[in-house]
Amino acid sequence: MINQEIQIFNTRSRKKEKFTPLNSPFIGMYVCGPTVYDDVHLGNCRTFMSFDLIYRYLIYVGYKVRYVRNITDAGHLEGDRDEGGDKFAKKAKLEQLEPMEIVQKYTLGFHEVMRLFNTQPPSIEPTATGHISEQIEMTKQIIESGLGYVANGTVYFDVEKYSTTNYYGSLSNRKLEELLEGTRELGGQDEKKGRLDFALWIKAKPEHIMRWPSPWGWGFPGWHIECSAMSTKYLGTTFDIHGGGMDLIATHHTNEIAQSQACNHFEPVKYWMHTNMLTVNGVRMSKSAGNGFLPMELFTGKHKLLEKGYSPMAVRFFMMQTHYRSTLDFSNEALQASEKGFDRLMNAVKTLEKIKPSDKSTSDISSLHSKCFEAMNDDFNSPVLIANLFEGARIINSINDGKETISISDLDLLKKTFRGFIFDILGLQVEKSSASNDDLANNLMNLILEIRNEAKTKKDFSTSDKIRDGLAKTKIIIKDTKYGTTWEKEK
RNA sequence: GGUCGGGUGGCCGAGCGGCUAGGCUGAGCUCUGCAAAAGCUCCUACACCGGUUCAAAUCCGGUCCCGACCUCCA
C-alpha cells in the first residue's frame, strides 16, 4: 500500500514529474556502476549513495524495487576510437596481473567502501563479462534492424541513419547538426561511416588479452551496449528509473536510448535521473586536476588536502545535506561543520530513547512527521528532510530539559519518525565509539568517575578538575549532566 | 563556439511569486563549583542593472562572473 506521491526530476523532460511506476508496486531501477580497473572514485560513491537513498525511500513507502547496478569489467576503450587499448589489459600489464585479477581486486575494494558507507547492495549486480552473449545478441538485432554495420570486424551504430526517424540528442537537448559540429572530421583511416557513430562490438587487436568469439571475429563489446543488454535482460525493454552521473547524459545514456530503440523499438526508460558532480574547493574532482582523494584517504585523513580523517557516516551525512542534483563541494570546513551537526543529531537520537512522556504535547509531532515525507516526496530532498530532523532534535532536547512535554502517542510517532528517516532512509548508523564496547575501558572509567564525583561532593575541586583535565589530555571528554557524568573519546 | 546548470548571510546549504529552511561559526543569557553538554535569544542574506506585479531571492530582459557536458569519466 503506497500512500506517498513522489515527484521526480526527469532529465528527459527537464522538470519534476509525478512518479507513476509502470507496474506498481514493482519498480525497476538501473544505475550505471563502476569500472573496476582502479580504486572507486569518490564521485562514484556520491552517485551510489544518492541512489541508495532513493532505493531506501522507495522501499520504505512500500514499493518492491529491483535495483540493478552493473560492474564494468570488460572492454571500455581509453579514447574515442579503438586506439588506446583495453583499460583492464593496460592496468594488468602495469601491475603484472591477469586482467581478471585486477577486476577481482577492485571489485572487492569497491564493495568494502560501499559497505563502510552503509549502502544497500543492489538486487542484482551483473558483470559485463558475464553477459557477452546478450551483448552479441543485441548487436545482431541492431544490425538486423539496419542501424548497425560491420566494418573490418568492428560493428558500429549508424547514428545519422537512426536520426532520420528518431531524435538522437533528445536527452541532452542537442540537435544533430550541433553534435556534428562538436566532432572532428573523419580521417582516411576511419572505418566509421559517420562521425557520431559508436562501436557496438570491437575487433580485438593481437595484444588484447580479454576477448571473446563473435559472428564478426574475436573481439569485445563496445562501451554502451552492456547497460542496454543487461537492463533489458533484468528489467525488461521498458523500465522505471535509470540513473547515473550527469556526465553520462550526453554520450553513454544517449547511446543507450538509441541502442534500445533500434533493438527493442521502445523508449527504454521512463524516468532518467542524474546526480551532480563532486568538487573540491570549487573545482571538479579529477585525477588530472590532482585534487582527488580516495575514500580510504578521506576516512584516515592521510592526504595533503585533508586536515583530518572523517568517518564514513560523517561523510554520508555530509553528502545527504546537499541535494543530489546540486554540485557538492568538499572542503575541510564544510566537512567539519557536518561532522558536528551529525553528532548533534545522533545525540538527540540517544536522548529520544530516555525521554519520559507526559499528558500532552507542546509540539506538533504529526506535522513534523508529514513534513519529513513531504521533503522526500519532493524529488528526494534530503537537505530539507535533515532540516526537519534538526527541528525534531530541538524538540527532543527541550523535552529532556523539561521545557517541553510530549504525549505517549506522540513520543511513539517521534521515535518512529526518527528511526525511519535517520536509519532506514538516510542510511545513517550509530558509530560505535571504539571505547564504549570495551569492558576494560568502561570499568576503568567508572572507577575514575566515581573518585571524581566523591571529590566533587567534598568540594575538592582541585582533585576533580585534575581528573577532568588529565583525561582531556588523553582525548577523553567528561560531561556532567543532571543525570550523572558521561564520557566519550574525542574524535 | 553550442547545450545545460549556477551565483543566497562569516562558511556550507535549502527555497524558486507573499508565511523570509537547516547545519557550522560568533555574541549574549539560563543551567553549572568551574567547564563541557543542552536550551533560549541575537547576527535577516539572496551577483549587478532594468522591467512585470498590490507583492520578486523567486517571473521576464540585459550585463558580469562560475561550473558541467560536447573527448574516457559518476
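Protein chains get the first letters and strands the later ones, always in sequence-line order, with residue 1 at the start of each.
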Can you give the donor-acceptor pairs under 3.5 Å from side chains of residues 43-50 of chain A to other protein atoms, not counting sequence neighbours?
{"residue": "A/Arg46", "atom": "NH1", "partner": "A/His323", "partner atom": "O", "Å": "3.4"}
{"residue": "A/Arg46", "atom": "NH1", "partner": "A/Ser326", "partner atom": "O", "Å": "3.3"}
{"residue": "A/Arg46", "atom": "NH2", "partner": "A/Asn276", "partner atom": "O", "Å": "3.3"}
{"residue": "A/Arg46", "atom": "NH2", "partner": "A/Met277", "partner atom": "O", "Å": "3.2"}
{"residue": "A/Arg46", "atom": "NH2", "partner": "A/Ser326", "partner atom": "O", "Å": "2.4"}
{"residue": "A/Thr47", "atom": "OG1", "partner": "A/Gly43", "partner atom": "O", "Å": "3.4"}
{"residue": "A/Thr47", "atom": "OG1", "partner": "A/Thr275", "partner atom": "OG1", "Å": "2.9"}
{"residue": "A/Ser50", "atom": "OG", "partner": "A/Arg46", "partner atom": "O", "Å": "3.0"}

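Distances shorter than 4.0 Å separate none of the side-chain N or O atoms of A/Thr35 from OP1 or OP2 on B/C72.
The residue A/Arg46 sits apart from the nucleic acid: no heavy atom pair falls under 4.0 Å. At the heavy-atom level, A/Gly244 lies under 4.0 Å from the strands shown only through sugar-phosphate atoms. At the heavy-atom level, A/Ile249 lies nowhere under 4.0 Å from the strands shown. Among the heavy atoms of the strands lying under 4.0 Å from A/His323 are primed sugar atoms or P, OP1, OP2 only; no base atom is included.
The side-chain hydrogen bond (donor to acceptor under 3.5 Å, both in side chains) check on A/Asp329 picks up A/Thr279, with sequence neighbours excluded.
Here the two rings, on A/His224 and A/Phe198, have centers that are under 6.0 Å apart.
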When you compare the protein's N or O atoms with those of nucleotides 25-28 of chain B, which come within less than 3.5 Å of each other, and at what distance?
{"residue": "B/U25", "atom": "OP1", "partner": "A/Lys340", "partner atom": "NZ", "Å": "3.3"}

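A side-chain donor-acceptor contact under 3.5 Å links A/Asp240 to the backbone of A/Gly28.
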Report task. Could you encode protein contacts along nucleotides 33-42 of chain B as a string, one character per nucleotide from 5' to 3', using B for base contact, S for sugar-phosphate-only contact and - for no contact, with a heavy-atom cut-off of under 4.0 Å? Result -> BBBBSBSS--
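Stem regions for RNA chain B, each three or more consecutive Watson-Crick or G-U pairs with both distances under 3.5 Å and listed by first number, read B:1-7 with B:64-70, B:10-12 with B:22-24, B:26-30 with B:38-42, B:47-51 with B:59-63.
A heavy-atom distance below 4.0 Å to RNA chain B is reached by these residues of residues 373-391 of chain A, ordered by number: A/Asn381, A/Pro383, A/Val384, A/Ala387, A/Phe390.
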